[in-house]
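Okay, so here's the structure we're looking at.
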There are 2 protein chains.
Amino acid sequence: MRKTIEHVAQLAEVSKATVSRVLNNSPKVTEQTREKVMKAIKESGYYPSAMARRLTTNKAETIGLIIPSPQDKTFGNPFYTEILRGFTHQAKIEGYDLLLFINEHQFNYSQLFHDRRVDGLLLVGVNRNDKGIIQLSKNNFPYMLTGKIDYKEANYVDAENRKGAYQAVSYLVNLGHKRIGYLGGSFDFVFNQERFEGYLQVLKEHNLEYGKELTMESINTEESGYEAMRKLLESSSIPTAVFVANDLDAIGSMKAVKEKGLRIPEDISLIGFDDIQLASYTEPTLTTVRQPIYEMGTTAISLLVQLIEGKKEVPLKVELPTQLIIRGSSGGKI
Amino acid sequence: MRKTIEHVAQLAEVSKATVSRVLNNSPKVTEQTREKVMKAIKESGYYPSAMARRLTTNKAETIGLIIPSPQDKTFGNPFYTEILRGFTHQAKIEGYDLLLFINEHQFNYSQLFHDRRVDGLLLVGVNRNDKGIIQLSKNNFPYMLTGKIDYKEANYVDAENRKGAYQAVSYLVNLGHKRIGYLGGSFDFVFNQERFEGYLQVLKEHNLEYGKELTMESINTEESGYEAMRKLLESSSIPTAVFVANDLDAIGSMKAVKEKGLRIPEDISLIGFDDIQLASYTEPTLTTVRQPIYEMGTTAISLLVQLIEGKKEVPLKVELPTQLIIRGSSGGKI
DNA sequence: CTGTTAGCGCCTTCAA
DNA sequence: TTGAAGGCGCTAACAG
């Protein structure tokens with residue numbers, strides 16, 4: 001038979017209420033009785049039942065994690081594994097479980113709240129025009145996105161994408177580059193658009209050339225980065241530097257550049273975005289804009305918990321600073 | 001205020017017990033009262049409280065999913081995203097939630113059972129000499145592994161790795177190949193060893209040469225496959241076919257072969273293992289041994305649930321058949 | 001076939 | 001500071 005709070009109470013010769021107080025670190029317990037109870041807990045091998053606690057407190061102590069269907073390549077991306085580490089780490093600290101859901105087609109987020117299985121939702125890789133989020137907001141369900149979407153009232157944690165891109169491209173300009181290309185992901189995600197806008201802003205401020213010939217789309221995989229860069233290099237006058245808006249594409253790009261017989265950074269400078277682990281191991285190492293991915297994960301959880309516990313008000317929008325990491329793939333234009 | 005079963009009972013003019021019976025599809029309810037109750041449920045917008053149900057039935061309706069720390073590259077592997085799809089799909093069908101845990105260093109699996117947060121554990125990518133599993137078995141906690149380990153009493157779902165490798169290499173032999181190389185992952189995982197053994201068995205049965213010069217280790221990434229194949233091709237007499245024990249390494253290998261100026265399959269035949277999506281998109285397409293990854297996922301959940309509900313006895317060992325998928329990377333030795 | 005009753009194990013007033 | 005009692009929302013006997 002399973003031990004209950006009753007057994008501990010008897011063993012310690014106190015009431016159930018007192019045991020409960022000890023369990024929940026209530027201040028109004030004598031140090032003496034606390035020790036007595038703790039001893040009884042140890043001896044009996046008692047663990048409080050999560051379900052009973054959850055029923056009485058009307059809290060699920062649980063966050064639903066919604067990830068995009070892995071059919072999209074997205075989930076294999078190092079970004080997701082890293083932010084996941086942040087999620088699990090912080091969730092444990094905050095005392096919340098993480099429930100895993102795959103965001104299949106036509107998935108109705110709200111239903112998860114109805115039977116109180118989750119206190120809040122953490123949504124990863126949501127499409128920018130997802131309508132489900134609006135319902136969450138309207139119903140006042142606590143939720144948090146990792147990444148901005150079009151809906152203005154949405155809660156999210158993101159990186160300062162525009163600023164990061166601006167900084168990276170400014171750095172290239174300061175190195176003397178005049179013809180700077182852009183290679184990045186689909187505008188289906190806001191962060192891609194913002195990075196592009198940051199890039200564009202620098203070029204405009206410096207009256208540098210921009211346009212279709214300098215721009216190429218890819219999908220955040222080494223393969224696609226390779227292909228996109230190949231196309232970019234077919235141009236009659238190729239750029240002397242390219243800002244690649246994510247590291248996987250950048251790493252794929254490197255291969256294409258080398259294959260073409262061009263040197264990095266002597267002939268072409270390359271800057272990525274993300275600072276995934278791999279970026280330190282390429283040849284040459286990749287200059288990139290670091291997003292604090294792990295911190296975005298912990299921050300998202302921590303803010304969501306505050307939302308759940310009523311300590312913050314919606315809308316909750318947070319952008320974490322990026323940092324330019326200068327490595328070997330970028331250099332001056334002679 | 002939140003609706004309870006009481007409200008529905010009053011609305012439908014029946015007792016709580018009857019509502020409960022309808023909710024749980026009990027056969028002993030008149031079709032008439034069932035409809036009456038269903039109507040009341042609809043009207044009231046009632047959803048039963050998961051926590052209350054779980055407390056009464058003493059079931060968490062929850063499976064703990066333990067994944068290796070993503071610091072290992074493993075989690076970025078398509079294998080994991082695919083098996084995850086199987087997990088979530090089947091868990092939903094069986095009515096279980098999936099709780100996500102990262103297998104950090106020194107993680108004590110058993111503790112998750114103590115407070116009854118999970119009914120069982122699903123462990124992915126467990127090291128072959130993990131001692132924690134023995135504790136689970138000894139304590140009679142329901143659990144399931146994806147992949148065999150050294151502990152003989154362990155429950156697991158795996159693919160027929162040895163047989164799959166045997167079949168692949170036999171096929172190469174039948175094509176006329178006499179010098180067949182092996183490239184694969186660390187024996188830290190049993191499946192790698194089994195695949196190697198399947199390979200070796202064929203060579204021995206046909207009195208073909210084998211040994212260090214024909215064997216190379218890698219770590220299941222394109223990068224490492226590329227590097228490993230480069231080394232293999234430095235040999236004075238290179239193989240005419242190589243069995244690469246996983247697709248990512250195989251795809252990396254292809255690049256190395258092409259770079260060396262050799263043709264696939266004219267100069268070297270290549271066979272992979274896994275049949276990840278990418279295998280259909282390489283140039284040439286990759287002949288490979290398909291593991292039923294998705295089915296391994298659904299099977300693991302379904303067996304675990306049967307273990308939880310006492311419908312199966314331990315030890316529970318299941319190996320799912322593989323299938324040789326012949327594509328463009330393999331051909332006859334002239 | 002339906003209703004009544006008694007918990008599941010915990011937390012939380014309210015008294016003492 | 002501690003204890004007694006009630007209730008969270010549901011299911012599971014047991015009657016009827």
Side-chain angles (χ1 to χ4, degrees), chain A residues 1-41 44-62 95 97 113-119 309, chain B residues 1-41 44-62 95 97 113-119 309:
Chain A
M1 192 45 207
R2 191 176 156 54
K3 307 271 181 202
T4 74
I5 203 170
E6 181 82 49
H7 297 115
V8 179
Q10 288 177 6
L11 226 174
E13 296 176 311
V14 296
S15 71
K16 295 191 295 177
T18 301
V19 178
S20 175
R21 290 191 187 98
V22 171
L23 251 23
N24 295 293
N25 296 314
S26 164
K28 359 182 178 182
V29 182
T30 324
E31 191 53 40
Q32 197 179 359
T33 53
R34 180 183 303 280
E35 280 175 17
K36 205 166 52 177
V37 171
M38 291 302 269
K39 185 155 160 282
I41 290 176
S44 60
Y46 164 77
Y47 284 84
S49 151
M51 294 312 159
R53 176 166 17 96
R54 290 169 184 184
L55 179 60
T56 25
T57 58
N58 196 26
K59 288 188 53 184
E61 305 174 351
T62 302
D97 282 339
F113 287 95
H114 293 319
D115 61 4
R116 296 269 154 144
R117 273 191 300 181
V118 302
D119 301 312
E309 297 177 352
Chain B
M1 192 46 206
R2 193 174 153 54
K3 307 272 182 202
T4 75
I5 203 171
E6 181 82 48
H7 297 117
V8 179
Q10 287 177 6
L11 226 174
E13 295 175 313
V14 296
S15 72
K16 294 190 297 176
T18 300
V19 178
S20 176
R21 289 193 188 95
V22 171
L23 251 24
N24 296 292
N25 296 313
S26 163
K28 5 182 176 179
V29 181
T30 323
E31 191 53 41
Q32 196 178 359
T33 52
R34 181 184 302 280
E35 280 176 17
K36 206 166 52 177
V37 171
M38 291 300 269
K39 186 155 161 280
I41 290 176
S44 60
Y46 164 76
Y47 283 84
S49 151
M51 292 313 158
R53 175 167 16 94
R54 290 169 184 184
L55 179 61
T56 346
T57 58
N58 195 27
K59 289 187 50 182
E61 304 174 351
T62 302
D97 282 338
F113 287 94
H114 293 317
D115 61 2
R116 298 269 155 143
R117 273 190 300 182
V118 303
D119 301 312
E309 297 176 352

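Source: prediction; values computed, not measured.
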>> Give the residues of residues 26-37 of chain B touching DNA chain D, defined as any heavy atom closer than 4.0 Å, sorted by residue number.
In response: none
> salt bridge (charged side-chain N to carboxylate O under 4.0 Å, His left out) with Arg117(A): which residues, sequence neighbours excluded?
Replying inline: Asp115(A), Asp97(B)
> In terms of the nearest nucleotide of DNA chain C, which residue is placed more toward the 5' end: Thr56(B) or Asn24(A)?
Replying inline: Thr56(B)
> Out of dC11(C), dG3(C), dG9(C), which nucleotide sits closest to the side chain of Leu55(A)?
Replying inline: dG9(C)
> Given dC10(D), is OP1 or OP2 found less than 4.0 Å from the side-chain N or O atoms of Ser49(B)?
Replying inline: no
> In chain order, what residues pass the side chain to side chain contact (heavy atoms under 4.5 Å, CB included) check against Glu6(B), with sequence neighbours excluded?
Replying inline: Thr4(B), Gln10(B), Lys16(B)
>> Suppose we screen for side chain to side chain contact (heavy atoms under 4.5 Å, CB included). Which residues come up paired with Gln32(A), at least two apart in sequence or across chains?
In response: Thr30(A)
> OP1 or OP2 of dC10(D) sitting under 4.0 Å from any side-chain N/O of Tyr47(B)?
Replying inline: no
> Nearest of dG3(D), dC10(C), dC10(D) to any side-chain atom of Pro48(B)?
Replying inline: dC10(D)
>> Between the opening five pairs and the closing five pairs of the helix from dC1(C)-dG16(D) to dA16(C)-dT1(D), how far apart are the helix axes, to 10°?
In response: 30°
>> Side-chain N or O of Thr18(A) versus OP1/OP2 of dG3(D): is the shortest distance under 4.0 Å?
In response: yes
> Where each residue is assigned the nucleotide of DNA chain C containing its nearest heavy atom, which of Val14(B) and Asn58(B) is assigned the position nearer the 5′ end?
Replying inline: Val14(B)
Might you list the N or O atoms of the protein lying below 3.5 Å from N or O atoms in nucleotides 4-6 of chain D, with each pair's distance?
none

> Is it true that Glu13(B) and Lys36(B) make a salt bridge, defined as a side-chain N closer than 4.0 Å to a carboxylate O?
Replying inline: no
